[in-house]
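Whatever order the structure lists ligands and atoms in, that order sets their numbers, starting from 1.
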Amino acid sequence: MRGLAGKRVLISGGSSGIGAATARRFLEEGSRVVLGGLEQAEVAATVAELSPLGEVSGLAGDVRAEADVARLVEGAIAAMGGVDVLVNNAGTAWREPFLEITPDHWDTIIAVNLRGMFLVAQAVARHLVERGEGGVILNMSSTNGLGGEADYAHYNASKGGVLLLTRTMAVELGKHGIRVNALCPGYIRTPLNSAISAGLDGDFVSSYERDHIPLGRAGFAEEVAAGYAFLASDDAAFVHGTELVIDGGQLAIM
Ligand SMILES: NC(=O)c1ccc[n+]([C@@H]2O[C@H](COP(=O)([O-])OP(=O)(O)OC[C@H]3O[C@@H](n4cnc5c(N)ncnc54)[C@H](O)[C@@H]3O)[C@@H](O)[C@H]2O)c1
C-alpha cells in the first residue's frame, strides 16, 4: 500500500481481534504503531507478540474516560513524535432483545462505542489541526450501523452514530487536509464474536454464514485490517467522508 512506510499510527482497541490484526498489518507496511486496549495484560501480550515486526508500544486505558484518552493520545504523540493516522477501533457488543435493554446497558454501549470514539477522535484531530500537516482518521462502525439487526438496538444505534460522526468530522476537517472515513465490517471471526456466539446454539455461526453471507463464510480480522490500510494509504487520497463495507455481500441480500 502506498505511503504507509514511516507513518505514525495510533490504534485504539489494538490489543485484540481486528485492532491487533491491524497493528500487525501497519507494522508489515513499515509504519510505527502505538496500540491501546482496556486490559494492561492484553496490551502487553500483543505488544510482545508484534515487537519482532517493528516499532510498537502500548498503553492501557478506558476510552470512556477523558483522562485515559488524554494519556493514550499524549503518550502516542510522545512515543512517536506525533500521530499521522488514527485507527479509532475500540468497541464492545453483546446481544440483548430491545424489550430487555436496561438504561445501564444502553449507557455502557453508547459510552464505549460512541463517546469513546468521539473523545479519541477529537483529541487526535486537535493534534493534527495544530500540527497543520493533515492526517487520517478512521472510525470503526459496522454493517450494524447501516441495518437494524435484531437484539442489538444499543449496538446498532452506537454504530449508526459513528457514521454520522464520521461524515460531520469529514465536513469540518477536510479543509485541514484531514481525511476521515468509517469502516463497516460484517461478521468477522474475533474474540468478541466468539464470546457472543458461545452463548448461542452450537450451529449458530455456520447457519449464519450459510443464510446471511453470500460468500458463505465469516470474515477474518486481516481482511478488515486490509481495509484500514487502504483507507490510510495514499491510494485513498480522494476517499473522504464515506464508509467502506467489508461484509462478504451480507448487505446485498434483500
Ligand atoms: N467482530 C465483528 O464481527 C465486528 C464487525 C463490525 C464491527 N466490529 C467492531 O470492530 C471493533 C473491534 O472489534 P473486535 O471484534 O476486534 O473485538 P475484540 O473484543 O477482539 O477487540 C476489542 C478491542 O477494543 C478494546 N476495548 C473494548 N472496550 C474498551 C474500552 N472501554 N476502552 C478501551 N478499549 C476498549 C479491547 O481492549 C480490544 O482491544 C469494535 O469497534 C467492533 O464493534 C466488529
Side-chain angles (χ1 to χ4, degrees), residues 10-25 33-47 49-50 58-73 87-95 107-121 123 138-147 149 152 154-163 165-166 182-198 204-205 208-209 212-213 217-225 227-228 243-248 250-251:
L10 170 58
I11 305 175
S12 77
S15 59
S16 172
I18 292 167
T22 302
R24 175 180 291 276
R25 175 64 189 257
V33 171
V34 169
L35 60 86
L38 190 56
E39 306 292 342
Q40 173 62 43
E42 189 177 80
V43 168
T46 304
V47 167
E49 189 185 324
L50 296 178
L59 282 162
D62 191 329
V63 294
R64 291 171 288 186
E66 284 173 72
D68 285 19
V69 170
R71 234 171 11 92
L72 175 68
V73 175
V87 174
N88 205 0
N89 176 76
T92 193
W94 62 82
R95 290 175 71 98
D107 287 349
T108 299
I109 293 269
I110 298 296
V112 176
N113 292 357
L114 198 49
R115 172 187 164 88
M117 188 123 322
F118 155 70
L119 288 175
V120 179
L138 304 174
N139 294 328
M140 177 52 99
S141 178
S142 168
T143 46
N144 291 55
L146 293 163
E149 186 176 12
Y152 287 98
H154 37 23
Y155 183 71
N156 299 341
S158 73
K159 294 301 187 181
V162 168
L163 290 179
L165 171 67
T166 301
L183 264 82
C184 292
Y187 193 90
I188 311 298
R189 287 183 189 278
T190 67
L192 182 65
N193 265 336
S194 301
I196 291 172
S197 50
F204 172 82
V205 176
Y208 192 89
E209 290 175 324
H212 295 282
I213 307 174
R217 64 169 178 85
F220 295 103
E222 292 73 19
E223 293 170 318
V224 182
Y228 273 135
E243 63 270 350
L244 176 60
V245 175
I246 302 174
D247 72 345
Q250 191 175 339
L251 286 179

Subject >> Side-chain ion pair, Arg24 and Glu49, N-O less than 4.0 Å >> reply: yes
Check ligand 1 for close polar pairs with the protein: N or O on both sides, less than 3.5 Å.
from	atom 1	to	atom 2	distance (Å)
ligand 1	1 (N)	Ile188	O	3.4
ligand 1	1 (N)	Thr190	OG1	3.2
ligand 1	1 (N)	Asn193	ND2	3.4
ligand 1	3 (O)	Gly186	O	3.2
ligand 1	3 (O)	Ile188	N	2.8
ligand 1	3 (O)	Ile188	O	3.4
ligand 1	3 (O)	Asn193	ND2	2.7
ligand 1	15 (O)	Thr190	OG1	2.6
ligand 1	16 (O)	Ile18	N	2.8
ligand 1	20 (O)	Ser16	OG	2.6
ligand 1	20 (O)	Gly17	N	3.4
ligand 1	31 (N)	Asp62	OD1	3.0
ligand 1	32 (N)	Val63	N	2.9
ligand 1	37 (O)	Ser15	OG	3.4
ligand 1	37 (O)	Leu38	N	2.9
ligand 1	39 (O)	Gly13	O	3.4
ligand 1	39 (O)	Ser15	N	3.4
ligand 1	39 (O)	Ser15	OG	2.7
ligand 1	41 (O)	Asn89	O	2.9
ligand 1	41 (O)	Lys159	NZ	3.0
ligand 1	43 (O)	Tyr155	OH	2.7
ligand 1	43 (O)	Lys159	NZ	3.1

Original post:
Got a sec, which residues hit ring-ring contact (aromatic ring centres under 6.0 Å, His included) with Phe118, two or more places apart in sequence or on another chain?
Top reply: none
Original post:
Taking NZ, NE, NH1 and NH2 as the nitrogens, is one of them in Lys159 or Glu243 under 4.0 Å from a carboxylate oxygen of the other?
Top reply: no
With a 3.5 Å cut-off and sequence neighbours excluded, list the donor-acceptor pairs that the side chains of residues 12-19 form with protein atoms.
from	atom 1	to	atom 2	distance (Å)
Ser12	OG	Asn89	N	2.8
Ser12	OG	Ala90	N	3.0
Ser15	OG	Glu42	OE1	2.8

Original post:
Can a salt bridge be assigned to the pair Arg189 and Glu223 using a cut-off of 4.0 Å between side-chain N and carboxylate O?
Top reply: no
**OP:** Under the salt bridge (Lys or Arg N to Asp or Glu O under 4.0 Å) rule, collect the residues that match up with Asp62, sequence neighbours excluded.
**Re:** Arg64
